[in-house]
Amino acid sequence: MKEFCTAKEAKQWLKSYQKKKPKIGFVPTMGALHVGHLRLISQSKAENDITVCSVFVNPIQFNNPDDLTKYPRNLSLDARLLRNNGCDMLFCPSVEEMYPNGKHENIELEFGLLDKVMEGKFRPGHFKGVLIVVKKLFDIIRPDNAYFGKKDYQQLMVIKHMKESLGLPVNIIACETVREDDGLAMSSRNLRLTIGERQVARRIFEVLCKVREKGTKTPVWELREWAIKKIQEDSRFRVEYFEIADRETLMPVESWGHRNQVVALTAVFLGDVRLIDNVELFS
Ligand code: AMP
């Protein structure tokens, strides 16, 4: 596996393959890799000639400086995992390489409510930072296919919207959420849970599954309130939001008129660790 820290080297290496016109698959990450990330890598390997993974903890998508400082980092372990899983290139730029002198391009697009609700509301500036980095990484790697997890459902929709609006020549491929045996969605942030918190963290997915099960038998508002109460029955949990929303626009729904096209999404603090998860309903 090749490892490059500068865009110039990465582009040069990719250019050396240009004549063969390889299909390039790309998996952007912030590192601290787990099986969820590696599933994206194997899907990319199965569908492309070259698989590139980036590891870059993107400072401009963190609205909370403490979250940025505490974000787990382990580049040498990440590189080993990627090598063992057949990744062809690791791109791991520095902040200065991505944003020389702190400067970056701005992306001004109209998203309607898509980037303003839920994560957009509680993490101001988050999606702006995500779009800037993803666009910049696409410009460097020029992938045919880029792989994103449904675990970050709203991010996936925002990136799909950017692709459409800017006419980017890349397929955005959505990958199912990979879970621990007890149902907890795999996340780099899980490493920050205490042993006690980790033992109870399954509650989030359990409640999401119950919501899926209860479905249209209960009015939407009642189901939301029930879910929030159920999660918070254990006082270590604090729900930031719990919404049932249209799968494409992420507009929260108030009734079951949409019944085939909704997703339940939540962000929950467990201790001081913020976890997000979602399940598609009625699929
Ligand atoms: P991150 O490193 O958290 O920015 O994630 C990089 C990519 O991996 C994003 O597209 C995530 O949605 C995806 N991802 C993270 N966790 C999971 C998971 N448990 N299952 C599937 N995809 C995931």
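Since we're looking at a predicted model, the values are computed, not measured. Whatever order the structure lists ligands and atoms in, that order sets their numbers, starting from 1.
Polar contact with ligand 1: present for His37 (N/O pair, distance under 3.5 Å). Any N or O atom pair closer than 3.5 Å counts here, and Leu40 shares no such pair with ligand 1. Ligand 1 has no nitrogen or oxygen under 3.5 angstrom from a nitrogen or oxygen of Ala185. The shortest N/O to N/O separation between Met30 and ligand 1 falls below 3.5 Å.
Ligand 1 has His34 within reach: a non-hydrogen atom of the residue lies less than 4.0 Å from it. Contact analysis leaves Ala32 out of contact with ligand 1, as no non-hydrogen atom separation drops below 4.0 angstrom. Taking 4.0 Å as the cut-off, Arg39 does not count as a neighbour of ligand 1 on heavy-atom distance.
Asp88 and Tyr17 share no donor-acceptor pair across their side chains, judged by distance under 3.5 Å alone.
Partner Tyr147 forms a side chain to side chain donor-acceptor pair (under 3.5 Å) with one of Glu47, Arg39, Gln43, His37 and no other, that one being Glu47. When each of Lys151, Arg179, Lys150 is tested with Asp277 by the rule salt bridge (charged side-chain N to carboxylate O under 4.0 Å, His left out), just one qualifies, namely Arg179.
Which parts of ligand 1 touch Asp152 is read off a 4.0 Å heavy-atom cut-off, strictly below it: atoms 11 (C), 12 (O). Taking a cut-off of under 4.0 Å to the non-hydrogen atoms of Glu176, the atoms of ligand 1 that pass are 20 (N), 21 (C). The contact set between ligand 1 and Thr177, taken as ligand atoms under 4.0 Å from a residue heavy atom, comprises 20 (N), 21 (C). Those atoms of ligand 1 that come under 4.0 Å of a heavy atom in Phe148, given as number and element, are 10 (O).
The closest protein non-hydrogen atom to atom 20 (N) of ligand 1 is Val178 N, 2.8 Å.
The nearest non-hydrogen atom to atom 6 (C) of ligand 1, considering only Ala146, Gly149, Ser188, Pro28, comes from Pro28. For atom 19 (N) of ligand 1, the candidate residues are Arg189, Met186, Arg179; the nearest heavy-atom contact is made by Met186.
Residues forming a side chain to side chain contact (heavy atoms under 4.5 Å, CB included) with Pro93 (at least two apart in sequence, or on another chain): Phe56, Phe91, Glu97, Met98.
Side-chain heavy-atom separations under 4.5 angstrom define the hydrophobic clusters, and the remaining members of the one that includes Tyr71 are Met30, Val57, Phe62, Leu68.
Side chain of His126 to backbone of Lys121: no donor-acceptor contact under 3.5 angstrom is found. Ser54 contributes no side-chain N or O that, together with a main-chain N or O of Cys92, makes up a donor-acceptor pair within less than 3.5 Å.
A 6.0 Å sphere centred on NZ of Lys116 holds more than 12 heavy atoms belonging to other residues, nucleotides or ligands.
Relative orientation of the Trp13 and Phe4 rings is tilted, given thresholds of 30° and 60° on the angle between their planes.
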